[in-house]
Amino acid sequence: MSDVPLSAVPPWTADRPGPKALRSGTHRAAALDDTWARIRPLLPVFGVTRLADITGLDTIGVPVTTAYRPNSRSLAVSQGKGVTRRASRVSAAMEAIEHAHGERIDLPLRLARYAELPSPVEPWRLPRTQAQTVDEHTPLLWLEGRSLYDGAPVDVPFEAVSIDFTLPRGLTAAGLCRDSNGLAGGNTALEAVVHALCEAIERDAFALWELRPPGRQAADAIAPRSFGDPDVDRLLDRFEAAGVETALFDITSDIAVPAMLCQIVEADPDPFRPLPPAAGLGCHPHPAVAAARALTEAAQSRLIAVSGARDDLTRDAYHGADDLAAGTALRDLLRTRDPAARPYGGPGADHGTLGADLDWLLDRLAAAGLPEVVAVDLTRPGAGLPVLKVLVPGLEGAAALSGAAAVPGPRARETADV
């Protein structure tokens, strides 16, 4: 980075090596109590009016918390999960604060065409929800990000960063995915970048896995208790005690960063309390952390449906016909699977610092032919809580916050042709 002016050095470099103070169920740079003491005074600043522990609405007992922002410009209800109630509270508060940053971006914008800019990302390589052509002559709003490799300035489309759904249509008309994928906060900028990168890799892995034939998907099932991790085993104990069957799939892509999918379903459905199957995703250099994230997110997904509070749930989500068929299919899969399912045997790493995690993730992306990674620093002056949006041109996207599905990109099309 010797060729980058000191004033341009991105904030995540100052955090290195970034020791991990919390390693239970996830990795963070500070203890939960310290994180909570830091973000609690910021809740009213970012429009959060209350937090609610909704764990007791379900029988599983995996902690889930919701955060409410009535004046949100995207989702007014955010969720958080964790292996403890304190972890779920911090998770929900952090997600709400992240969304508030993504909705109100106070950074200089430039209206220009790709061909007019010195160092832009290629917008047609970002996830899109429309198949319309975005080329080098399409006028777009741009803002400045920084390369995660060398800190050099890179222009990125505003539409790929903002999640303000109150903006006039003309400002966001290029058909780029508008979602929170890659939007993350943390105790440090380094922690936020690592979290954001893991999420972007996770969504790409799931988009590719969904295109596999059912037989290949079933073959990706792994033994949930094969990690030898106490947090994972305690989470599985909760599911078993609640009569909930669990399937864990290794969906790791060619990027070679551990990614997991967890699917859960009632072992014996109660016709008087019909509950849909639910799923969760997790990704992290450490495979057990990826598994714990997938398990807790599956419990959170089911509680979202049970609570009915999230504002992107429609009536169709509760009609049940598709859920009934999906639940039956998942139960059939679980009851016919090999009792000696294979253990996880994929890639992974257990680093002692967040800086080592970041270097490892960047190396994996570069080796997979994805050498461009850009972060936009959305941190609010005075708040002191780092929030960033990370973009990796070439990765596949998921459904946007609007509900529109992403148009398959080159990686997805290649997978579908196999």
Side-chain angles (χ1 to χ4, degrees), residues 25 58-62 64 81 83 201-253 257-270 273-284 286-306 317 320 322-348 398 415:
D58 201 355
T59 58
I60 297 175
V62 172
V64 176
K81 73 283 186 187
V83 297
I201 294 169
E202 163 197 296
R203 303 293 175 84
D204 171 83
F206 181 62
L208 299 180
W209 187 84
E210 280 195 303
L211 297 172
R212 295 177 186 173
R216 285 191 59 193
Q217 290 181 342
D220 291 327
I222 58 176
R225 292 187 183 272
S226 65
F227 297 92
D229 182 82
D231 287 317
V232 171
D233 290 343
R234 280 192 289 269
L235 289 168
L236 291 168
D237 289 342
R238 288 183 180 272
F239 286 112
E240 290 180 7
V244 175
E245 296 200 51
T246 307
L248 198 64
F249 299 87
D250 174 14
I251 64 170
T252 305
S253 71
V257 176
M260 309 290 169
L261 164 68
C262 174
Q263 293 182 331
I264 59 174
V265 67
E266 289 285 290
D268 296 304
D270 182 349
R273 189 177 184 260
L275 290 169
L281 297 169
C283 178
H284 193 271
H286 194 305
V289 174
R293 287 180 172 179
L295 287 162
T296 54
E297 187 170 278
Q300 173 186 271
S301 297
R302 195 166 96 148
L303 260 170
I304 289 173
V306 170
D322 291 340
D323 287 340
L324 180 62
T328 300
L330 181 56
R331 272 187 290 272
D332 290 344
L333 170 65
L334 290 168
R335 290 170 182 174
T336 58
R337 66 181 172 182
D338 184 351
R342 67 179 178 90
Y344 175 76
T415 298

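Keep in mind the model is a prediction, meaning the values are calculated, not measured. Side-chain atoms are counted along with the backbone in the values below, which use heavy atoms only and exclude waters and symmetry mates.
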Taking all atoms of both residues into account, what is the closest heavy-atom pair of [X] and [Y], and its distance?
X    : Y    : result
A298 : A278 : O-CB, 3.6 Å
I201 : C283 : CG2-SG, 4.0 Å
A288 : V232 : O-CG2, 3.6 Å
P258 : G348 : CG-CA, 3.8 Å

**Study point:** Ion pair check, R234 and D229, cut-off under 4.0 Å
**Key:** no

**Study point:** R273/D58 ion pair, N-O < 4.0 Å
**Key:** yes

Hey, is the main chain of [Y] close enough, under 3.5 Å, to the side chain of [X] for a donor-acceptor pair?
X    : Y    : answer
R302 : P277 : no
R238 : G61  : yes
S301 : A279 : yes
E266 : V244 : no

Just so I know, are the side chains of [X] and [Y] near enough to count as touching, which here means a heavy-atom distance under 4.5 Å?
X    : Y    : result
L281 : I251 : yes
R293 : M260 : no
V83  : V62  : no
P269 : L275 : no

Going from [atom1] on [X] to [atom2] on [Y], what distance comes out if it is rounded to the nearest 0.5 angstrom?
X    : Y    : atom1 : atom2 : value
L295 : D231 : CG    : CG    : 10.5 Å
I264 : T246 : CD1   : OG1   : 6.5 Å
K81  : E297 : NZ    : CD    : 4.5 Å
L235 : C262 : CG    : SG    : 9.5 Å
T415 : L208 : OG1   : CG    : 4.0 Å

With sequence neighbours left out, write down each residue that passes side-chain hydrogen bond (donor to acceptor under 3.5 Å, both in side chains) with [X], or none if nothing qualifies.
X    : answer
E210 : none
R212 : D220
T252 : D250
D233 : none

Review point. Residues in side-chain contact (heavy atoms from CB on, under 4.5 Å) with A207, at least two apart?
Key: E396

Exercise for review: Give every residue pair that meets the ring-ring contact (aromatic ring centres under 6.0 Å, His included) criterion with at least one member in residues 209-238, sequence neighbours excluded.
Suggested key: W209-F249, F227-Y344

